[in-house]
S.K.: 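This is the structure I have questions about; it appears just below.
All figures in this text were calculated on a predicted structure; none of them were measured in a lab. Below, read A as the first sequence line, B as the second, and so on, with proteins coming before strands; counting in each chain starts at 1.
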Protein chains: 2
Amino acid sequence: MGTTSKALSLLRLFSSSQPEIGLTELSRQSGMNKATVYRLMSDLAEHGFVEQVGADRMYRIGPGVMRLAVLREATVPLRSIAKEHVRSLAEEIGETTHVSQVSSGELSTLTYAYSAKHGTRVTMEDAERLPFHATSSGLAVLTYSNAALVDAILSKPLDKRTPHTIVDPLQIRGELKRISERGYAESVSGFEQDVHSVAAPIFAGGVTVCGALAIAAPVGRVNGALRSRMIAAVQDRARMITDIMGGAMPVSPDSA
Amino acid sequence: MGTTSKALSLLRLFSSSQPEIGLTELSRQSGMNKATVYRLMSDLAEHGFVEQVGADRMYRIGPGVMRLAVLREATVPLRSIAKEHVRSLAEEIGETTHVSQVSSGELSTLTYAYSAKHGTRVTMEDAERLPFHATSSGLAVLTYSNAALVDAILSKPLDKRTPHTIVDPLQIRGELKRISERGYAESVSGFEQDVHSVAAPIFAGGVTVCGALAIAAPVGRVNGALRSRMIAAVQDRARMITDIMGGAMPVSPDSA
DNA sequence: ACCATTGGTTCATATAATAAACCGATATGG
DNA sequence: CCATATCGGTTTATTATATGAACCAATGGT
């Protein structure tokens, strides 16, 4: 692996549940030599991608990424557009909504919104990585991804997050076909035990899938009526976002 | 220079006025060999930091930075906090406002807001790099930066953006002293010919300066009354943001 | 007082980065 | 319509750079 890739892969270790990481821990989790990690992190710090904080010199994501993010949003404003829709959709349906984004063969939460309607709700984590096979968002995205990505995902062993998680590649491929016919994906307790979610793909810059919009509710609350509303709304909104992003639904799946 | 630094420095070439850059152009502007740039950009693309778009394979900032940005904001929510204040302040004063952020010895616009009060207004660019010596924001930040940064900035030749730009290091050092006494920085036509701006520093995580809040108005509109309001408001708001960010004004300048 | 950690540093070694030349494709223009 | 220039991308011998085991100094817990 190239040196640059090694440096960038260190950034992947940071997450919402692990926002600050020390040098030794980075070395352990990356499998790279401590001296190597030190130099790579120094390079990243020099450019503001990470910064060291506190007396224990822990690393965290630095301010430099914000400049790039602002620049990205200026040309591809997916997050700012998603934010609005996610908020009003949560209000409309009364359940948690979120938009996730695909990047480098990974899907992660871009923004989300809660509804105040119920005392219980599905909670989200910032920038969480979502497994393709176990979430409705992941399945929605996978349905319109190129065969190479689908194969790559399905060829690795799939994590059985809950007893209900589908981990059989063939079964998933069948599901992808159904999703492309129906226009939405659905997951009942596949990711979290008590979560029922529906999702629809978002396209940008042509027929390239760039993410998904999803609504997630506690399993017990999803009766026939709510489910129908969720499905209709998520498809409708995803199409709206797609339109604004200058995207289009492909006539047939497998866009690339 | 390390390979990683070379790769990351390529990202600095992207800006609001140049959001997409081709391979040859990147090679030209960076001074690096085309083959080298190609490999570095491939590494960056692999991790979603850049992506290639269109038939001409131009590079632009990729979706991967958004995940990191979301993560950054989850721990240091400067932008989201700044957004609110910048918006309401613009409304209150009736002029353009913005918050900039310091990273790796550079200052760049993080967010801004316009007011609808007047037909003419100061306009901003996304993620623009602001010179320390020629903007009120830059001077405000520099006043509370460590001596190493001040020396580094003032030792290089300073760009005379307009006939009114102050480029004499000694004169600037005098100005920094005055700013620390008054608590705000001011620039009249130093950056853009017709812009009068005032700025106050923002601190986070202790007494470390992390950026500045500024109000910018057309020179002709700034009479004594407006100027007083701008100065009072910018200091007041900057302190509010500092408080929320868990920062504090240092008792004396030169925080590090 | 000790041992186990931590972040950081050193330097001989080995590996990965580099740059000139080259390729094929596309566009430009006379 | 052919000649030329420019583009993104690729190859390969050369060379510079990254690497990692061992080593510090400092901190903290037992």
S.K.: I want to check one thing: is the phosphate of dA19(C), taken as OP1 and OP2, less than 4.0 Å away from some side-chain N or O of Thr36(B)?
M.R.: yes
S.K.: Can you tell me how far C1' of dT27(D) sits from CE of Met58(A), to the nearest Å?
M.R.: 15 Å
S.K.: Rounded to whole angstroms, how far apart are CG on Asp56(A) and P on dA4(C)?
M.R.: 22 Å
S.K.: Quick check on dT6(C): is either OP1 or OP2 less than 4.0 Å from any side-chain nitrogen or oxygen of Arg57(A)?
M.R.: no
S.K.: How close or far is atom P of dA17(C) from atom CG of Leu40(B), stated in whole angstroms?
M.R.: 9 Å
S.K.: Supply the atom-to-atom distance Leu71(A) CG to Gln18(B) CD, rounded to the nearest 0.5 angstrom.
M.R.: 10.5 Å
S.K.: Compare the minimum distances between each of dG9(D), dG20(D), dA16(C) and the side chain of Thr3(A), then state the nucleotide with the smallest one.
M.R.: dA16(C)
S.K.: Can you confirm whether Leu8(A) sits close enough to Glu46(B) that some side-chain heavy atom of one is under 4.5 Å from a side-chain heavy atom of the other?
M.R.: no
S.K.: Can you tell me how far P of dT15(C) sits from CE of Met32(A), to the nearest Å?
M.R.: 17 Å
S.K.: Under 4.0 Å between any heavy atoms, over every strand shown, what does Gln52(A) touch: base, sugar-phosphate, or nothing? Just pick one.
M.R.: sugar-phosphate
S.K.: Ala35(A) or Asp43(B): which one's nearest nucleotide on DNA chain C is closer to the 5' end?
M.R.: Ala35(A)
S.K.: Looking across every strand, which nucleic acid part, if any, lies under 4.0 Å from Lys34(A) by heavy atom: base, sugar-phosphate, or nothing?
M.R.: base
S.K.: Quick one: do Glu51(A) and Arg72(B) make a salt bridge, cutoff under 4.0 Å?
M.R.: yes
S.K.: Could you tell me how far apart Asn33(A) (CG) and dG7(C) (C1') are, to the nearest whole angstrom?
M.R.: 13 Å
S.K.: In whole Å, I'd like the distance from the CE atom of Met41(A) to the P atom of dA18(D).
M.R.: 16 Å
S.K.: Please report, rounded to the nearest Å, how far the P atom of dG8(C) is from the CD atom of Glu25(A).
M.R.: 15 Å
S.K.: So, does Tyr38(A) get its side chain near the phosphate of dG7(C), meaning an N or O under 4.0 Å from OP1 or OP2?
M.R.: no
S.K.: Salt bridge (Lys or Arg N to Asp or Glu O under 4.0 Å), that's the test. Do Asp151(B) and Arg173(B) meet it? Break it down for me.
M.R.: CA-CA 10 Å; Asp151(B) 292 345; Arg173(B) 285 188 191 272; 2.8 Å; yes
S.K.: Report the nucleotide, chosen from dT6(C), dT19(D), dC7(D), that has the shortest atom-to-atom distance to any side-chain atom of Arg28(B).
M.R.: dC7(D)
S.K.: It should be established whether Tyr59(B) places a side-chain nitrogen or oxygen under 4.0 Å from OP1 or OP2 of nucleotide dG9(D).
M.R.: yes
S.K.: May I ask you to check whether Thr165(A) and Thr162(A) show a side-chain donor-acceptor distance below 3.5 Å?
M.R.: yes
S.K.: Please report the distance, rounded to the nearest Å, between CZ in Arg39(A) and P in dT17(D).
M.R.: 11 Å
